[in-house]
Enquirer: 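The structure is given below, and queries will be raised subsequently.
Numbering starts at 1 and runs along the sequence shown.
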Amino acid sequence: RQQDITINNKKELPNIHERQEVKEDLVNYYVIVESQSRNQEKYSNPSEYMVEFSSSLDDEESFAIKVPKDLNDIVSVELLECIVSDNLFNGDYYINLEVDEIGGNVSSNNQSLKKTFVRLSEFTLYENHKGKYRVYKIPEDSIKYFRPEKNFSSLSIRLKNSKGESLIFNREQDGVEPLLNSFKFKFSKREQS
């Protein structure tokens, strides 16, 4: 017995131009850097430290941040979140965040600001059983664009007051360092498909 078969799911192939076209997407990667997880032997000051990025980590004791892909061809870096312990000896009107790999983002007659990526001033104070923390309101201009794109293998964090002095935290000597600062960054990368 013979039946007529009809095909309803015909798929048309894209034309040659569409098949050869390279599409670019902007993909975001989110990285959180926390002071208590740094290499404390190498960087004793929680206001000045560096963390490296790695796409493959075998050692669980590593101080590097595992990222899903190499952070190459980065178009922009944006600060999304900042938490700083409120137990500062030399706190001031505002805090300057310097990140060597990102570079300065501020122009000023104050020479202490020449390497500043973001100046943080407005915050909400939160308290819990671990202590008091300042959660800073992130300014709208806390983004840096790169042309040409930039490659990142690390981030070097520096927290300074308005006089350009490194922040000094009141730290208990019980051998366990609490969270003294934490930053969330968004890396935007151009990827082709």
Enquirer: Within the side chain of E101, is there an N or O that forms a donor-acceptor pair under 3.5 Å with the backbone of S156?
Expert: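 A pair under 3.5 Å: yes.
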Enquirer: Let me see the working for L79 and Y136 under side chain to side chain contact (heavy atoms under 4.5 Å, CB included), right down to the final yes or no.
Expert: CA-CA 11 Å; L79 179 66; Y136 281 88; over 6 Å; no
Enquirer: NZ of K150 to CG of L71: how many Å apart, nearest 0.5 Å?
Expert: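 Those atoms lie 12.5 Å apart.
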Enquirer: Indicate, with yes or no, if L120 and Y94 share a hydrophobic cluster defined by side-chain heavy-atom contacts under 4.5 Å among Ile, Leu, Val, Met, Phe, Trp and Tyr.
Expert: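 Different hydrophobic clusters.
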Enquirer: Same cluster or not: F185 versus V106, using hydrophobic residues (I, L, V, M, F, W, Y) connected whenever any side-chain heavy atoms lie under 4.5 Å apart?
Expert: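 No, F185 does not connect to V106 through the hydrophobic network.
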Enquirer: Atom CD1 in I74, atom CZ in F146: separation rounded to 0.5 Å?
Expert: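 Going from CD1 on I74 over to CZ on F146, the span is 8.5 Å.
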Enquirer: As an exercise, state the distance from CG of N45 to CG of L180, rounded to the nearest 0.5 Å.
Expert: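 Nearest 0.5 Å value for the CG-CG distance: 9.5 Å.
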Enquirer: When you measure from the side chain of N161 to the backbone of N90, do you find a donor-acceptor pair of N or O atoms at a distance under 3.5 Å?
Expert: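 Yes, N161 side chain to N90 backbone: donor-acceptor pair under 3.5 Å.
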Enquirer: Say whether, by atom type as modelled, one donor and one acceptor occur between the side chain of K42 and the main chain of M50 under 3.5 angstrom.
Expert: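 Side chain of K42 to backbone of M50, a donor-acceptor pair under 3.5 Å: no, none is there.
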Enquirer: In the single-linkage hydrophobic clustering (I, L, V, M, F, W, Y; side-chain heavy atoms under 4.5 Å), do V33 and V99 co-cluster?
Expert: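 Shared cluster, yes.
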Enquirer: Could you pull out the closest heavy-atom pair between F169 and S85, with the gap in Å?
Expert: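 Closest approach of F169 to S85, heavy atoms only: CE2-O, 3.8 Å.
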Enquirer: Run through the side-chain heavy atoms of Ile, Leu, Val, Met, Phe, Trp and Tyr, join any pair under 4.5 Å, and report what else lands in I83's cluster.
Expert: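 In the cluster with I83 are Y126, Y133, V135, L179.
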Enquirer: Is there a path of hydrophobic side-chain contacts, each under 4.5 Å between heavy atoms of I, L, V, M, F, W or Y residues, that connects L159 with L88?
Expert: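 L159 and L88: one cluster.
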Enquirer: With rounding to the nearest 0.5 Å, note down the distance linking OG in S142 to CG in L97.
Expert: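 If I round to the nearest 0.5 Å, the distance is 9.5 Å.
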Enquirer: I'd like to know if the side chain of K144 reaches the main chain of I102, judged simply by a donor and an acceptor atom lying under 3.5 Å from each other, with no hydrogens or angles considered.
Expert: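 Checking the backbone N and O of I102 against the side chain of K144, a donor-acceptor pair under 3.5 Å is found.
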Enquirer: Between F117 and V77, which heavy-atom pair has the shortest distance, and what is it?
Expert: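 What the structure gives for the nearest pair is CZ-O, 3.9 Å.
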Enquirer: Are K189 and F187 in a cation-pi contact, defined as NZ or CZ under 6.0 Å from the six-membered ring centre and within 45° of the axis?
Expert: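 The answer is no, since K189 fails at least one limit relative to F187.
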Enquirer: My understanding is that only one of N96, D100, T116 makes a side-chain hydrogen bond (donor to acceptor under 3.5 Å, both in side chains) with R158; could you say which?
Expert: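 The residue from N96, D100, T116 that satisfies side-chain hydrogen bond (donor to acceptor under 3.5 Å, both in side chains) with R158 turns out to be D100.
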Enquirer: If I compare all heavy atoms of P139 with all of R119, which pair ends up nearest, and what's the gap?
Expert: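 Distance-wise, the nearest heavy atoms are CG-O, 3.5 Å.
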Enquirer: With a 6.0 Å cut-off (strictly less than), is the heavy-atom count around CD of E52, excluding the residue itself, greater than 12?
Expert: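 12 or below, so no.
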Enquirer: Between the side chain of S35 and the main-chain N/O of N181, is any donor-acceptor distance below 3.5 Å?
Expert: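 Yes, S35 side chain to N181 backbone: donor-acceptor pair under 3.5 Å.
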Enquirer: Cation-pi between R134 and F123: NZ/CZ under 6.0 Å from ring centre and within 45° of the ring axis?
Expert: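 Checked: cation-pi criterion met.
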Enquirer: Under a plain distance cut-off of 3.5 Å, with no hydrogens placed, do S182 and E81 share a side-chain donor-acceptor pair?
Expert: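 Result is no, nothing qualifies.
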Enquirer: Linking I/L/V/M/F/W/Y whenever any side-chain heavy atoms sit under 4.5 Å apart, do I138 and I143 land together?
Expert: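 Each belongs to a different hydrophobic cluster.
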Enquirer: Of all heavy-atom pairs between N170 and N87, which one has the smallest distance, and what is that distance?
Expert: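 Reported closest heavy-atom pair: O-ND2, 2.7 Å.
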Enquirer: Roughly how far apart are Y29 OH and D70 CG, rounded to 0.5 Å?
Expert: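 So the gap between those two atoms works out to 9.5 Å.
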Enquirer: Using 0.5 Å steps for rounding, measure from the CZ atom of R190 to the CG atom of D25.
Expert: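 Here the rounded value is 10.0 Å.
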Enquirer: Shortest non-hydrogen contact from K115 to E98?
Expert: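 Between these two residues, the closest heavy atoms are O-CG, 3.5 Å.
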Enquirer: How close do S162 and S112 get, heavy atom to heavy atom, and via which atoms?
Expert: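 Of all heavy-atom pairs spanning S162 and S112, the closest is O-CB, 3.8 Å.
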Enquirer: Hydrophobic clusters join Ile, Leu, Val, Met, Phe, Trp and Tyr when side-chain heavy atoms are under 4.5 Å apart, directly or via other members; which others share one with L80?
Expert: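 Members besides L80, by chain and number: Y30.
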Enquirer: Keeping K114 on the side-chain end and S108 on the backbone end, is there a donor-acceptor pair under 3.5 Å?
Expert: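 Looks like no, no N/O pair under 3.5 Å.
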Enquirer: Apart from V75 itself, what residues make up its hydrophobic cluster when side-chain heavy atoms of I, L, V, M, F, W and Y under 4.5 Å apart count as a link, directly or indirectly?
Expert: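 In the cluster with V75 are L26.
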Enquirer: Just by distance, do the side chain of N28 and the backbone of K186 share a donor-acceptor pair under 3.5 Å?
Expert: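 Not a single qualifying donor-acceptor pair exists.
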